[in-house]
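To start, the structure under review is shown below, and the notes come after it.
Model, not experiment: these values are computed from the prediction.
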Amino acid sequence: MPFNQNRVRTSILALQAIVVALCLIVLGRVFYLQIVEYDVYAALGQENSVRQEYIDPARGLIYDRNGTLIVDNEPIYSITITPSLFDTTNIPLLASLLDVEEQMVRARVEQAQNYSWYRSSKLFTEIDFPTFSSVQENIWQMPGIGHQIESKRHYPTDMQASHVLGYLREANQQEYERSQDLRLGDKIGKSGLEMIYEDSLRGELGLSYMRVNALGQALGQFEQREAGRQPVQGHDLISTLDVELQVLAEKLMDGKRGAVVAMNPHTGAILAMVSSPEFDLSKLAGRLDQDYWYDINTDSTTPLYNRAISARQPPGSTFKPLMGLVGMELGIITPETTIFNSGAYVRGRAYKDLAPVGEYNLEKAIAYSSNTYFFSLMDKIGSRSLLNEWSALVKDFGLGTASSIDLPNASTGIIPDSAYMNNRWGVRKWGLGDVINFGVGQGMISVSPIQIAQMTSAFANGGYRVRPHLLRAFRSPDGKLTTIDPRREKIEWVTNENLEVIKKGMRRVVQEGSGRYYANHPDIEIAGKTGTAQNPHGRDHGWFTAFAPLDQPQIVVTAFVENAGFASISAAPIAALVIEKYLTGEISRQRVYDYVLNFEPRPESNDDDEETE
């Protein structure tokens with residue numbers, strides 16, 4: 001009997017131990033699932049009944065200076081995926097509905113899985129409405145597949161401004177990993193204003209929660225609506241651009257390579273900016289046209305390259321007015337200093353001068369573009385070991401330094417000093433022969449069109465260095481306008497007396513010098529300077545920079561045309577027409593307009609006085 005009792009007691013204890021062990025296991029598992037793995041399983045549990053969806057904010061719009069809408073949004077449809085809910089055996093069905101290769105869908109699914117198993121991300125964007133409807137009709141068969149209604153950029157005006165406005169592309173992995181706000185598949189600005197003001201334009205994501213069944217089908221809004229949040233629209237940008245002026249400048253540059261910059265000389269506001277050839281922004285909006293993207297990236301004319309701000313070209317004779325100002329500041333010349341031009345400046349060798357033989361003071365040297373005058377001036381600067389002082393004074397006008405324009409990839413250019421020359425050639429391995437060409441804007445000097453426009457603005461506005469810019473104001477979603485104050489800085493050493501000499505010389509360029517052919521307008525006092533920059537790889541480049549009206553300047557225009565030959569017949573008429581349109585509202589000189597549209601470079605001729613530039 002005791003034996004049986006012991007057996008019973010032992011059995012009871014064993015059973016109790018087993019029950020306790022089972023309870024501990026269950027409790028341990030509950031603890032593990034509820035506490036240790038809470039984040040994972042809470043999300044999964046929530047997703048079984050509630051689906052979190054992001055609501056994209058409306059991207060900010062872009063306007064011109066007069067309130068004309070130049071960039072807006074139009075709706076597109078996207079297919080999303082939550083990898084943890086998606087059965088990969090449904091890939092063939094999804095590929096069939098989307099009319100794409102299975103391998104592409106599989107690659108996108110794997111990318112989404114690597115991004116997050118539990119967060120929704122975009123699988124395909126810019127789906128046409130029939131395809132979108134087809135997916136929606138069959139979504140009950142594909143748990144984990146959802147949708148978003150998004151938008152793509154739309155350009156309602158006739159202007160392109162592709163290098164100014166810029167385009168959107170999907171953020172890469174490094175970009176969304178660095179950001180708290182970006183998700184896989186989100187598009188961000190990759191160039192132009194879209195890139196520089198991305199944070200302001202993008203806005204803030206919204207969140208919504210939908211009740212769903214086990215098949216992922218939406219059953220309606222989740223009751224706890226306060227758990228979500230409304231998206232915040234991005235800020236609108238009010239740009240400094242003038243649509244009508246931009247359209248004209250683009251038309252004048254059609255079929256040419258080069259750039260045009262039109263700017264308010266007092267504020268630095270960019271009124272028009274063209275880099276030609278341009279590219280079609282509409283083909284880069286929404287889903288990327290891969291064939292077009294390949295074409296513009298391999299095009300030998302480099303349409304993606306912004307020549308207006310990134311070009312590094314010798315300025316040629318457009319540099320001579322600044323040389324005159326610097327020469328007076330250094331005490332080497334006065335307005336009355338005369339130098340005789342015999343047809344060449346001889347310093348070890350003969351440096352050719354195409355200006356008429358005779359005596360030249362500074363004003364006349366600018367008007368007729370005498371190389372001898374400026375070779376002689378640079379010779380004296382170099383001989384007196386003033387290269388560093390010369391370089392510093394030139395940089396005060398914005399050459400050889402950052403322009404601070406609100407666009408990416410602006411070039412600083414090169415204005416050499418002794419340190420640069422030592423690095424380039426070696427200490428004591430360069431001399432006067434290497435710097436004399438600087439006097440006529442050749443040699444190692446390089447600038448961009450925006451820098452020449454900045455320099456010319458300082459001539460026009462009384463010696464102030466302005467900051468070129470394209471943003472005039474922000475407008476917040478509640479309508480509040482925040483205006484950007486233009487910055488300018490007085491160049492202390494520039495005097496009005498010396499500037500008057502330069503301005504008179506530039507006015508004579510248009511009246512009686514090389515600008516007289518196409519830049520001289522009967523009703524507008526235009527002051528300018530041509531420049532034909534030597535190009536060792538082909539036909540020379542043409543420059544023309546100008547401001548008007550002479551006494552109360554309202555606009556500066558710099559035109560640069562590659563491989564066009566003489567500036568007087570290539571760049572000058574373009575700049576003059578832009579000035580005429582801005583100041584009068586129309587083009588009255590149809591002959592000049594037709595000439596520019598049908599321009600063909602002329603064969604070079606040694607006896608053509610248009611070479612005096």
Side-chain angles (χ1 to χ4, degrees), residues 310-334 337-355 360 362 365 369-403 410-448 451-452 454-455 465 491-494 531-537 540-541 543:
S310 301
R312 293 175 57 175
Q313 297 288 349
S317 294
T318 60
F319 189 66
K320 289 175 179 176
L322 182 52
M323 274 295 300
L325 268 181
V326 172
M328 287 187 286
E329 173 62 19
L330 292 175
I332 295 174
I333 59 171
T334 69
T337 300
T338 59
I339 295 174
F340 181 76
N341 166 33
S342 64
Y345 182 74
V346 180
R347 181 64 151 152
R349 69 176 181 86
Y351 295 83
K352 190 176 181 181
D353 191 341
L354 297 173
Y360 285 83
L362 177 56
S369 203
S370 169
N371 286 347
T372 295
Y373 191 96
F374 296 101
F375 281 139
S376 173
L377 175 54
M378 197 67 214
D379 188 344
K380 292 181 175 66
I381 290 171
S383 298
R384 299 179 189 182
S385 300
L386 295 173
L387 183 63
N388 289 343
E389 289 79 358
W390 167 86
S391 178
L393 294 173
V394 169
K395 289 176 180 177
D396 283 343
F397 276 73
L399 278 58
T401 63
S403 69
S411 168
T412 60
I414 299 172
I415 297 298
D417 56 13
S418 60
Y420 178 88
M421 298 297 286
N422 287 339
N423 290 332
R424 177 69 175 81
W425 301 107
V427 178
R428 298 182 181 178
K429 292 185 178 179
W430 55 275
L432 280 175
D434 298 303
V435 303
I436 283 179
N437 272 332
F438 298 171
V440 294
Q442 295 287 165
M444 282 167 285
I445 294 179
S446 68
V447 299
S448 63
Q451 290 176 317
I452 292 297
Q454 192 175 12
M455 174 195 77
R465 178 175 171 177
I491 305 171
E492 296 297 339
W493 57 269
V494 176
T532 302
Q534 295 175 6
N535 173 25
H537 306 294
D540 292 342
H541 305 315
W543 286 92

Test side chain to side chain donor-acceptor pair (under 3.5 Å) applied to S418 - qualifying residues, sequence neighbours left out:
N388
Taking the ring centre of each residue, are F375 and Y351 less than 6.0 Å apart?
yes
Rounded distance (nearest 0.5 Å) linking atom OH of Y345 with atom CG of L377:
9.5 Å
Nearest 0.5 Å please: distance from the CG atom of L393 over to the CE atom of M328.
12.0 Å
Of L325, L322, I445, which is the lone residue that meets side chain to side chain contact (heavy atoms under 4.5 Å, CB included) with V394?
L322
To the nearest 0.5 Å, what is the distance between OG (S383) and CD1 (I436)?
7.5 Å
Which residues share a side chain to side chain donor-acceptor pair (under 3.5 Å) with T372, sequence neighbours left out:
N341, D353
Residues two or more places apart in sequence or in another chain: which of them pass side-chain contact (heavy atoms from CB on, under 4.5 Å) with T412?
A402
Please enumerate all residues that pass side-chain contact (heavy atoms from CB on, under 4.5 Å) together with P321, with sequence neighbours excluded.
I366, F459, I502, M506, K529
Heavy-atom closest pair, residues S448 and W543
C-CH2, 4.0 Å
Using modelled atom types and a 3.5 Å cut-off, is there a donor and acceptor pairing between side-chain atoms of N371 and backbone atoms of K352?
yes
For W493, check side chain to side chain donor-acceptor pair (under 3.5 Å) against everything at least two apart and list the hits.
D396
Pairs satisfying salt bridge (Lys or Arg N to Asp or Glu O under 4.0 Å), at least one member in residues 416-438, at least two apart
none
Distance-only, no hydrogens or angles: does the S446 side chain make a donor-acceptor pair with backbone N or O of I414 under 3.5 Å?
yes
For E329 and E389, what are the C-alpha separation, side-chain angles and deciding distance, and is it a side-chain contact (heavy atoms from CB on, under 4.5 Å)?
CA-CA 10 Å; E329 173 62 19; E389 289 79 358; over 6 Å; no
Drop me the distance from Y360's OH to F374's CZ, to the nearest 0.5 angstrom.
11.0 Å
Suppose we screen for ring pair (Phe, Tyr, Trp, His ring centres under 6.0 Å). Which residues come up paired with Y420, at least two apart in sequence or across chains?
none
Determine, step by step, whether M455 and V447 satisfy the side-chain contact (heavy atoms from CB on, under 4.5 Å) criterion, reporting the C-alpha distance in whole Å, the side-chain angles of both residues, the deciding distance to 0.1 Å, and the verdict.
CA-CA 11 Å; M455 174 195 77; V447 299; over 6 Å; no
Quick one: CG on L362 to CD1 on I333, what's the gap to the nearest 0.5 Å?
4.5 Å
Rounded distance [0.5 Å steps], CZ in R312 versus CD in Q451
9.5 Å
Can you name the residues that form a salt bridge (Lys or Arg N to Asp or Glu O under 4.0 Å) with D379, not counting sequence neighbours?
R347
When every non-hydrogen atom of A355 is compared with those of S370, the smallest separation belongs to CB-CA, 3.8 Å
With sequence neighbours left out, the residues meeting ring pair (Phe, Tyr, Trp, His ring centres under 6.0 Å) with F438 are W390
Without hydrogens or angle criteria, can the side chains of S369 and S317 be said to hold a donor-acceptor pair below 3.5 Å?
yes
For T401, all residues meeting side chain to side chain donor-acceptor pair (under 3.5 Å), sequence neighbours excluded
R465
Any idea which heavy atoms bring M378 and G439 closest together, and the distance?
CG-N, 3.6 Å
